[in-house]
Amino acid sequence: MYHNLTINIYQNSIQELISFITTNNFSKIAVIVDQNTQLHCYSFLVNRLPEHTTIVISAGEEYKNLDTCNQIWQHLTDEAFDRKSLVINLGGGVIGDMGGFCAATYKRGISFIQIPTTLLSMVDASAGGKLGIDFQGYKNHIGVFQLPSYICIYPIFLQTLAKRELRSGFAEVIKHCLIADAQMWDDIKKFDPKDLVNKDFNWDFIIQHSIQIKSKIVETDPTEMGLRKILNFGHTLGHAVESYFLPIPAQKLLHGEAIAIGMICESFLSFKQNYISSEDLANITQFIIKIYGKPLISAAEIDKIIPLTLQDKKNSHGSVKFSLLKSVGNCGFDINITADEMYESLVYYSQL
Ligand SMILES: NC(=O)c1ccc[n+]([C@@H]2O[C@H](COP(=O)([O-])OP(=O)(O)OC[C@H]3O[C@@H](n4cnc5c(N)ncnc54)[C@H](O)[C@@H]3O)[C@@H](O)[C@H]2O)c1
Ligand SMILES: [Zn+2]
């Protein structure tokens, strides 16, 4: 099931993509877009792709659910897609995760290609084969592991991405540096937050770097039995924060924004375990707040966020397991943390 991924990060690789598609002689092709990627990204592909149908879904995390999967499966069924057909996911992490999930389960699995259009999906979500949807408020609760047949990255798509989305995607870049590359952490620490929302920023290097780190980890542990868990640094509390605010429109956080809060809290836990120094904790905290500001979390909200970690997918036998920094650039996993310690970490954040 897991084979080497082909990842192209060059604008001119469109020819290779087309030749991959024609060589494989797919019976039918569907391109999944949301309203935004239909408007901004689809024109880049439409005349180059062989005959295909488009499936347009509503944009946003709140549509990453079974209802939207129903629409996708219905469309494939109505157009009699068979097992030799292809789905192309043209969008951010929501389309990649959900379109991939629909493809991986339709008739027990058809081929799919990821063409990520957000920074977050270019540096993280499109690679690694985790697919899925949210369920009853729990993030990525239903899903499968299945690698795409092909991933194509065109940084040009970032030109139309909202600044807030660009900044959100950078959280996964910070994560990759903190868990695996102390030298690169030293470099990005010097970035001015204004650079990160500059459309002309040279993202190619950053994308390559993140993909390399992620691919190396995923290759050694594709189904997250061990080491791959380090990619969840910041995500245990981050997902709980994201899930908590998801149904509250005024406070809704983007994935990366929630993970940024999660990384501060989990760096605090790393410090409390005597893994990282107080100076490291201060550097991480200051850098993240400089970029993302500090969304408020009240004491009453902390009480509601903590139980949400009980659904985290790394848990086993009823205990909440964290991936924590052993040092900057090095991460451990399966570290038991109590509810009191989680509470303390969110209080640390809220009192900053
Ligand atoms: N599978 C994984 O390993 C993995 C890893 C990280 C995150 N994720 C998931 O990814 C999701 C978040 O992904 P995201 O941040 O890409 O969100 P997203 O897919 O919702 O995209 C963000 C917004 O940008 C719009 N958009 C996308 N590309 C655009 C472009 N080029 N120009 C203009 N607008 C554009 C979208 O329509 C959407 O409104 C979450 O559901 C998260 O759980 C998955
Ligand atoms: Zn993430």
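We count ligands from 1, going down the list as the structure has it; atoms in each ligand are counted the same way. For reference, positions follow the sequence shown, starting with 1.
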Do Trp185 and Phe287 have ring centroids that are under 6.0 Å from one another? yes
Ligand 1-proximal atoms of Asn140, by part, heavy-atom distance under 4.0 Å: side chain
In the protein, what heavy atom is nearest to atom 33 (C) of ligand 1, and what distance, to one decimal place, separates them? Thr160 O, 3.2 Å
Within this structure, what is the CG-CG distance for the pair Leu119 and Leu196, rounded to the nearest 0.5 Å? 9.0 Å
Please confirm whether the ring centroid of Phe268 lies under 6.0 Å from the ring centroid of Tyr349. no
Examine Lys64 against ligand 1 and note whether any of their N/O atoms are separated by less than 3.5 Å. yes
Asp34 to ligand 1: N or O pair under 3.5 Å? yes
Give the atoms of ligand 1, by number and element, whose distance to some non-hydrogen atom of Lys130 is under 4.0 Å. 1 (N), 3 (O)
Val94 N/O under 3.5 Å from ligand 1 N/O: yes
For the side chain of Glu341 and the backbone of Thr338, is there at least one donor-acceptor N/O pair under 3.5 Å apart? yes
Check whether any N or O atom of Phe157, backbone or side chain, sits under 3.5 Å from an N or O atom of ligand 1, and answer yes or no. yes
Is it the case that more than 12 heavy atoms not belonging to Tyr138 sit under 6.0 Å from its OH atom? no
Shortest protein heavy-atom distance from atom 41 (O) of ligand 1, along with the residue and atom involved: Glu61 OE1, 2.5 Å
With a 4.0 Å cut-off on heavy atoms, does Lys214 reach ligand 1? yes
Would you call the rings of His141 and Phe135 parallel, tilted or perpendicular, taking 30° and 60° as the class edges? parallel
Report the part of Thr37 (side chain from C-beta onward, or backbone N, CA, C, O) that has a heavy atom under 4.0 Å from ligand 1; answer both or neither where that applies. side chain
Might you confirm whether atom NZ of Lys216 has over 12 heavy atoms from other residues, nucleotides or ligands at distances under 6.0 Å? no
Check whether any side-chain N or O of Glu301 sits under 3.5 Å from a backbone N or O of Ser298 as a donor-acceptor pair, and report yes or no. yes
Hey, does Lys214 have a side-chain heavy atom less than 4.5 Å from the side chain of Glu172? no
Which atoms from ligand 1 have a heavy atom of Gly92 less than 4.0 Å away? 16 (O), 19 (O)
If you measure from each non-hydrogen atom of Ala59 to ligand 1, which part falls under 4.0 Å: side chain, backbone, both or neither? side chain
Looking at Gln311, Glu61, His235, which hits side chain to side chain donor-acceptor pair (under 3.5 Å) with Lys139? Glu61
For the backbone of Leu231 and the side chain of Lys175, can you confirm whether one donor and one acceptor N or O come within less than 3.5 Å of each other? yes
Checking a contact table here: which protein heavy atom is nearest atom 23 (C) of ligand 1, and how many Å away? Glu165 OE2, 3.4 Å
In the protein, which heavy atom is nearest to atom 29 (C) of ligand 1, and how far is it? Leu161 CD1, 3.6 Å
Check for me whether Cys41 has a heavy atom closer than 4.0 Å to any atom of ligand 1. yes
Angle at the Zn ion (ligand 2) (to 10°), with one arm to NE2 of His235 and the other to NE2 of His255: 110°
Among the N, O or S atoms that Glu172 has, which is closest to the Zn ion (ligand 2)? OE2
Tell me whether the NZ or CZ atom of Lys252 lies within the 45° cone about the ring axis of Phe245 and under 6.0 Å from its centre. no
Which ligand 1 atoms does Thr117 reach within 4.0 Å, using its non-hydrogen atoms? 27 (C), 28 (N), 29 (C), 30 (C), 31 (N)
Whether Glu172 lies under 4.0 Å from ligand 1, heavy atom: yes
Top protein contact for atom 25 (C) of ligand 1, by heavy-atom distance: Asn36 ND2, 3.8 Å
Protein contact to atom 17 (O) of ligand 1 [nearest heavy atom, distance to 0.1 Å]: Gly93 N, 4.1 Å
Just by modelled atom types, is the Lys229 backbone N or O under 3.5 Å from a matching donor or acceptor in the Ser323 side chain? yes
The closest protein heavy-atom partner of atom 9 (C) of ligand 1 is Asp97 OD2, 3.4 Å
Sub-4.5 Å side-chain heavy-atom contact between Ile55 and Val87: no
Could you check atom 16 (O) of ligand 1 against the protein and tell me its nearest heavy-atom contact, residue, atom and distance included? Thr118 OG1, 2.6 Å
Which bit of Lys139 gets closer than 4.0 Å to ligand 1, counting heavy atoms only: side chain, backbone, both or neither? side chain
Run the numbers for me: atoms of ligand 1, each under 4.0 Å from some heavy atom of Asp124, listed by number. 5 (C), 6 (C)
Tell me whether Gln114 contacts the main-chain N or O of Gly96 through its side chain, where contact means a donor paired with an acceptor under 3.5 Å. yes
